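Atoms considered below: every heavy atom in the structure, side chains included; atoms not considered: hydrogens, waters and symmetry mates. On a predicted model such as this, the values are computed, not experimentally measured, just so you know.
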Amino acid sequence: MSFTVEERGNLNSLNYRIFFKNAEGKYVSPFHDIPMYADESQNIFNMVVEVPRWTNAKMEIATKDPLNPVKQDMKKGKLRFVANVFPHKGYIWNYGAIPQTWEDPSHKDGDTGYCGDNDPIDVCEIGSKVHSRGDVIKVKVLGVLAMIDEGETDWKVIAINVEDPEANDLNNIGDVRRLKPGYLESTVDWFRRYKVPDGKPENQFAFNGEFKDKDFAIKVIKNTHNFWKDLISQKADAGELNCKNTCVSASDSPYFCSAEEAKAVVSGTSPPGDEEPIPSSVDKWFYYERK
């Protein structure tokens, strides 16, 4: 199953959007229509790449917008770029999400003691290739980190593209620690401190910041898939989330989006245009002493 993207608006501007199409050229939601599994028998998952490694623009699946395009997050009316907290530059992995998952904000996690963050589950892909915004890649799960972000459970799955040259050597979180020394520690450090330049406190973690293994991670992903099933079948309160989809819901469902309606959604956005410059402030490096 393959997917392509259609970019609208101007990159590095408020109107930029990435819409997704399936192999038939039909517009789809990356939140709802792209299957969670690429190969269920092998526990291989699809990952939607939101942020390429080394970049700063905080791109994310727009869970509250029709068709859930990828767009840049905003803060106080301005585009959001993550800060470079020394020694890190931008995101240190390809960052994205597993489709058809949802961290239910009404469910208190039995392991962390906190409710979900109302988003698809996040993925840090640690392979050698820098992927592009909107890529849909097949990943093998290696482990998971439980971040507590402003009182919410925010799981961070560690995974690798199955087509990566290193994929055969990385099968569990211990392999990452052995073959990529320091990467896991840097991952915790990145998530702990990346909001501090914005005036926020350091993030905290369940399990004392220890990574859980592959089996635990897969269990967490499957749980969030069950929450998504409740969401898309209207058994859970969607709140402000937009659950419109073109492939999953029956035609008599209020969540069903026809091909004509989907085309209208895309046509209603800004036409493709030239890339806007990135503010020079994005390259600033922040230094502060670890607590």
Side-chain angles (χ1 to χ4, degrees), residues 1-9 15-40 44-51 59-73 95-107 116-123 132-139 155 157 220-270:
M1 187 175 290
S2 61
F3 300 90
T4 57
V5 297
E6 181 177 328
E7 295 178 282
R8 305 280 296 182
N15 65 17
Y16 182 72
R17 302 287 186 276
I18 300 175
F19 289 94
F20 290 74
K21 292 181 179 179
N22 63 15
E24 301 168 354
K26 186 176 186 178
Y27 288 111
V28 295
S29 159
F31 187 4
H32 306 298
D33 289 315
I34 296 176
M36 179 180 78
Y37 282 112
D39 184 345
E40 185 172 357
I44 303 299
F45 298 87
N46 281 315
M47 171 187 173
V48 177
V49 177
E50 298 165 316
V51 185
M59 298 284 182
E60 57 187 19
I61 292 171
T63 57
K64 299 175 184 178
D65 292 4
L67 292 183
N68 314 117
V70 168
K71 69 177 184 181
Q72 191 165 350
D73 190 23
Y95 191 70
I98 296 178
Q100 295 187 342
T101 61
W102 178 51
E103 297 186 60
D104 185 350
S106 69
H107 173 79
D117 71 348
N118 205 31
D119 281 327
I121 199 165
D122 296 320
V123 187
S132 300
R133 284 178 299 271
D135 281 354
V136 179
I137 61 175
K138 301 175 178 65
V139 298
W155 294 103
V157 174
V220 169
I221 295 168
K222 289 180 177 179
N223 285 343
T224 61
H225 183 53
N226 288 330
F227 295 144
W228 172 82
K229 286 180 179 178
D230 288 344
L231 175 68
I232 207 68
S233 63
Q234 303 174 66
K235 293 178 182 177
D237 181 13
E240 296 182 350
L241 297 180
N242 193 301
C243 295
K244 285 284 188 179
N245 61 86
T246 61
C247 301
V248 178
S249 298
S251 59
D252 60 350
S253 166
Y255 290 159
F256 176 73
C257 181
S258 68
E260 293 74 23
E261 185 182 352
K263 288 179 182 177
V265 168
V266 178
S267 298
T269 60
S270 298

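Taken from OG1 in Thr101 to CZ in Phe31, the straight-line distance is 7.0 Å, to the nearest 0.5 Å. To the nearest 0.5 Å, atom SG of residue Cys257 and atom NZ of residue Lys26 are 9.0 Å apart. Interatomic distance, OH of Tyr27 versus CD of Glu260, reported as 12.5 Å (0.5 Å rounding). Going from atom CD of Gln100 over to atom OG1 of Thr224 covers 10.5 Å, rounded to the nearest 0.5 Å. Taking NZ of Lys244 as the reference point, atom CZ of Phe256 lies at 9.0 Å (rounded to 0.5 Å). Thr63 contributes atom OG1, which lies 5.5 Å from atom CG of Asp119 (distance to the nearest 0.5 angstrom).
Qualifying ring pair (Phe, Tyr, Trp, His ring centres under 6.0 Å) partners for Phe45, counting only residues two or more places apart in sequence or in other chains: Tyr37.
Screening Asn22, Val136, Ile98 for a side-chain contact (heavy atoms from CB on, under 4.5 Å) involving Ile34 leaves a single residue, Val136.
The two residues Val248 and His32 come nearest to each other via the heavy atoms CG2-O, 3.2 Å.
In this structure, Phe227 and His107 have tilted ring planes: the angle between them lies in the 30° to 60° band.
Here the side chains of Leu67 and Thr246 are in contact, with some heavy-atom distance below 4.5 Å.
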Take Thr269 and Arg17, measure what side chain to side chain donor-acceptor pair (under 3.5 Å) needs, and give me the verdict at the end.
CA-CA 8 Å; Thr269 60; Arg17 302 287 186 276; over 6 Å; no
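One side chain, Asn68 or Ser29, offers a donor N or O that lies under 3.5 Å from an acceptor on the other. Counted by atom type alone, Asp104 and Trp228 present zero donor-acceptor pairs between their side chains at under 3.5 Å.
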